[in-house]
Participant: 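First the structure, then my questions, so here it is.
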There are 2 protein chains.
Amino acid sequence: MFKIVEWKSNTVVMIDQRILPAKEKYLVLRDYKAVAKAIKDMVVRGAPAIGVSAAMGFALGAIKVKTNDKKVLLRELKKITKVLAATRPTAVNLFWALNRMNDFVEANAELSVEALKKALVAEAKRIHKEDIEINKAIGKNGGRLMKKNWTVLTHCNAGALATAGYGTALGVIRGAIEAGKNVKVFADETRPFMQGTRLTAWELKKDKIDVTLITDNMAGHMMSKGLIDAVVVGSDRIASNGDIANKIGTYMVAVLAKEHKIPFYVAAPLSTIDMAIKDGTEIPIEERDTKEVTHWAGKRVAPAGINVLNPAFDVTPAKFVAGIITEKGVATRPYRAAIKKLFTK
Amino acid sequence: MFKIVEWKSNTVVMIDQRILPAKEKYLVLRDYKAVAKAIKDMVVRGAPAIGVSAAMGFALGAIKVKTNDKKVLLRELKKITKVLAATRPTAVNLFWALNRMNDFVEANAELSVEALKKALVAEAKRIHKEDIEINKAIGKNGGRLMKKNWTVLTHCNAGALATAGYGTALGVIRGAIEAGKNVKVFADETRPFMQGTRLTAWELKKDKIDVTLITDNMAGHMMSKGLIDAVVVGSDRIASNGDIANKIGTYMVAVLAKEHKIPFYVAAPLSTIDMAIKDGTEIPIEERDTKEVTHWAGKRVAPAGINVLNPAFDVTPAKFVAGIITEKGVATRPYRAAIKKLFTK
């Protein structure tokens, strides 16, 4: 099986998701700046995978600081945090992971420079391992909601490739299948970056899960034909009221699901929930290079000189969400109370 | 200005819409089979333009039949009709144009072979000329519905390039602008064939009309941000009850418009209305080569061996439509009666 992001003899190794499925190529990253660039350039993507990568980038940055002076190390860790935090604004798992690493530094103030470095590597590896376990719990909890022979529409890639492994939305699919339910998947291609075509279709096929690829604009037509029983997507940030930010186009799918009375589920770890924000209006939406829309493989498709917009995410209000599937259980309406409760479990 | 389809010294000349906007290249078609292939391969597309092209293909076929025997000519015209009719199933203008040419043959039974050939060429040219006039009338009627400073979302290309000139949906935009209203356009890129990116953006830019390109899955996000005031699209076939078939993704836009209480208009000539069918369920939906979805410029993007669907059109039920803008006026609910009335004007 492919690995998404891995700690390997003091380097971070990532599968280059930009060139999948044409090539299965692994990049070896030797310093934290390379990890930051990989996150920014979408070598790695998906909120949980970004979180794990940031933690590993932090640890990699730490071990490469040549000092025996704790103060110097702490000063460098601040810089490393800043660089990693500046890569992508929407997925809160990035900030969650950096906070966890920094909290760890604070909580282990007594450690020597060398001991702290080692402990940070161990902590990053722990986050990686925990993420897989969390995804499996999400899969189990979400798998229960899926019915036999359902066809589930997903948008973007919230699969193994978006996490340390197993996946959130696709974890739910895997959980349902492991529970003996014959679930099939429709995958939106997900313009402009084509995560559905390149990543979701690829990893489901590897797992021999039945997947049908459609363009994003076919989702409504397929629902109207009765071909979709449920929607399951991931999330990059969930507000404390249950509003969810996810890949651009998710909101469209949610509106279509409502029109066709199809349940719309969101699968994400607790680390994706941002209790510091009241609702989705506070989630920063990343605007990416418009070349993602106007060009294909470096070649211009659109006429030059026109206006183009390229928000990478959108916000789906909580009222469209049938349930938020986490490792601690499934939150349902009213979300503010249900989400709060998840954190006390 | 560019020409879409033209009769030129016993050939049919078409701009090759498959390679726009990279290249502005004209194909010279010397027999009806070449015209049929051009329609099938989407050198020319858009319901009205397909109708005009089919009429010209019919005339071209007629003049190339080497005979003085009327019976031979009539037999060949049947064959020509069959070949042209088999190109694309959804746009009813194709059948409308072929019916009109065949009706013309019947109505002019007294003409000699040579006179009939000449008359058929004249009739095809007349259809071409009428189409531009019809579009301008649609533009005038629809322009009245647009308000000053509105931003109008359109899907696919129902512009000059989809007609003999001026356009239906984009004719409404042009009509509004000619009436002094400062209307701006958002264009869905329109996967998989990218008519929005390649054609709508290109022809609006040529006309110096403000256009912003988005991916199809951004339409909901833009509406939720209050950036869209109305939707205007074309149609490939309108049922007698007002259900409309149009480019895949149109239904998605209609559902989103309903959710955001934005009027969703359809602009089309009467020749797009199929009074022979009761509702949209009777409209045949063309399934095209799945390579349009899995490949880009001949190169595979999706993994091999997965399932793919590629319906080229979808049906939007009449209940989503705020008005059908035709050359004879704007039909509104209840559509069955309103549409009937249009034909008596």
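Here is the naming used below: chain letters follow the sequence lines, and residue numbers restart at 1 for every chain. Note: hydrogens, waters and symmetry copies are ignored here, and every other heavy atom, side chains too, is used. For clarity, every value in this text was computed on a predicted model and none was experimentally measured.
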Participant: Heavy-atom pairs under 4.5 Å with chain B: which of A:Thr190, A:Val211, A:Val315 has the most?
Facilitator: A:Val211

Participant: Highest number of heavy-atom pairs under 4.5 Å with chain A: which of B:His155, B:Met222, B:Lys225, B:Lys299?
Facilitator: B:Met222

Participant: Answer with side chain, backbone, both or neither: which region of B:Asp188 has an atom nearer than 4.5 Å to a non-hydrogen atom of chain A?
Facilitator: neither

Participant: What option among B:Asp216, B:Asp314, B:Leu309 has the most heavy-atom pairs under 4.5 Å with chain A?
Facilitator: B:Leu309

Participant: Say whether, by atom type as modelled, one donor and one acceptor occur between the side chain of B:Arg174 and the main chain of B:Tyr166 under 3.5 angstrom.
Facilitator: yes

Participant: Set out, in order, the CA-CA distance, both residues' side-chain angles and the distance that settles salt bridge (charged side-chain N to carboxylate O under 4.0 Å, His left out) for B:Lys25 and B:Asp16, then state yes or no.
Facilitator: CA-CA 6 Å; B:Lys25 186 181 147 191; B:Asp16 189 345; 5.2 Å; no

Participant: Using non-hydrogen atoms only, which part of B:Met218 is less than 4.5 Å away from chain A: side chain, backbone, both, or neither?
Facilitator: both

Participant: Test side-chain hydrogen bond (donor to acceptor under 3.5 Å, both in side chains) on A:Asn157 and A:Arg45; report intermediate values, then the result.
Facilitator: CA-CA 9 Å; A:Asn157 172 270; A:Arg45 27 64 52 203; 3.1 Å; yes

Participant: Look only at the side chain of B:Asn217 and the backbone of A:Arg191, and say whether a donor-acceptor pair between them is shorter than 3.5 Å.
Facilitator: yes

Participant: Classify the ring geometry between B:Phe320 and B:Tyr251 as parallel (under 30°), tilted (30 to 60°) or perpendicular (over 60°).
Facilitator: perpendicular

Participant: So for B:Lys258, is it side chain, backbone, both, or neither that comes closer than 4.5 Å to the heavy atoms of chain A?
Facilitator: side chain

Participant: Given a strict heavy-atom distance threshold of 4.5 Å, which part of A:Ala304 is in contact with chain B: side chain, backbone, both, or neither?
Facilitator: backbone

Participant: Of all of B:Ala297, B:Pro303, B:Ala219, B:Gly249, which one pairs up most often with chain A through heavy atoms under 4.5 Å apart?
Facilitator: B:Pro303

Participant: Can you find a heavy atom in the side chain of A:Met252 that is under 4.5 Å from one in the side chain of B:Met223?
Facilitator: no

Participant: Non-hydrogen atoms of chain A under 4.5 Å away: do they reach the side chain of B:Phe313, the backbone, both or neither?
Facilitator: backbone

Participant: What part of B:Ala22 gets within 4.5 angstrom of chain A, counting heavy atoms only: side chain, backbone, both, or neither?
Facilitator: neither

Participant: For chain A, find which of B:Val293, B:Val301, B:Thr294, B:Ile214 contributes the most heavy-atom pairs closer than 4.5 angstrom.
Facilitator: B:Val301

Participant: Mind ranking B:Pro192, B:Pro311, B:Gly305 by heavy-atom pairs under 4.5 Å with chain A and telling me who comes out on top?
Facilitator: B:Pro311

Participant: Could you tell me whether the side chain of A:Met194 reaches within less than 4.5 Å of the side chain of A:Trp296, counting heavy atoms only?
Facilitator: yes

Participant: More than 12 heavy atoms of other residues, nucleotides or ligands under 6.0 Å from NZ of B:Lys184: yes or no?
Facilitator: no

Participant: In this structure, are over 12 heavy atoms from other groups packed under 6.0 Å from A:Lys291 atom NZ?
Facilitator: no

Participant: Could you have a look at B:Val308, B:Ile248, B:Val255, B:Thr215 and say which one has the most heavy-atom pairs with chain A under 4.5 angstrom?
Facilitator: B:Ile248

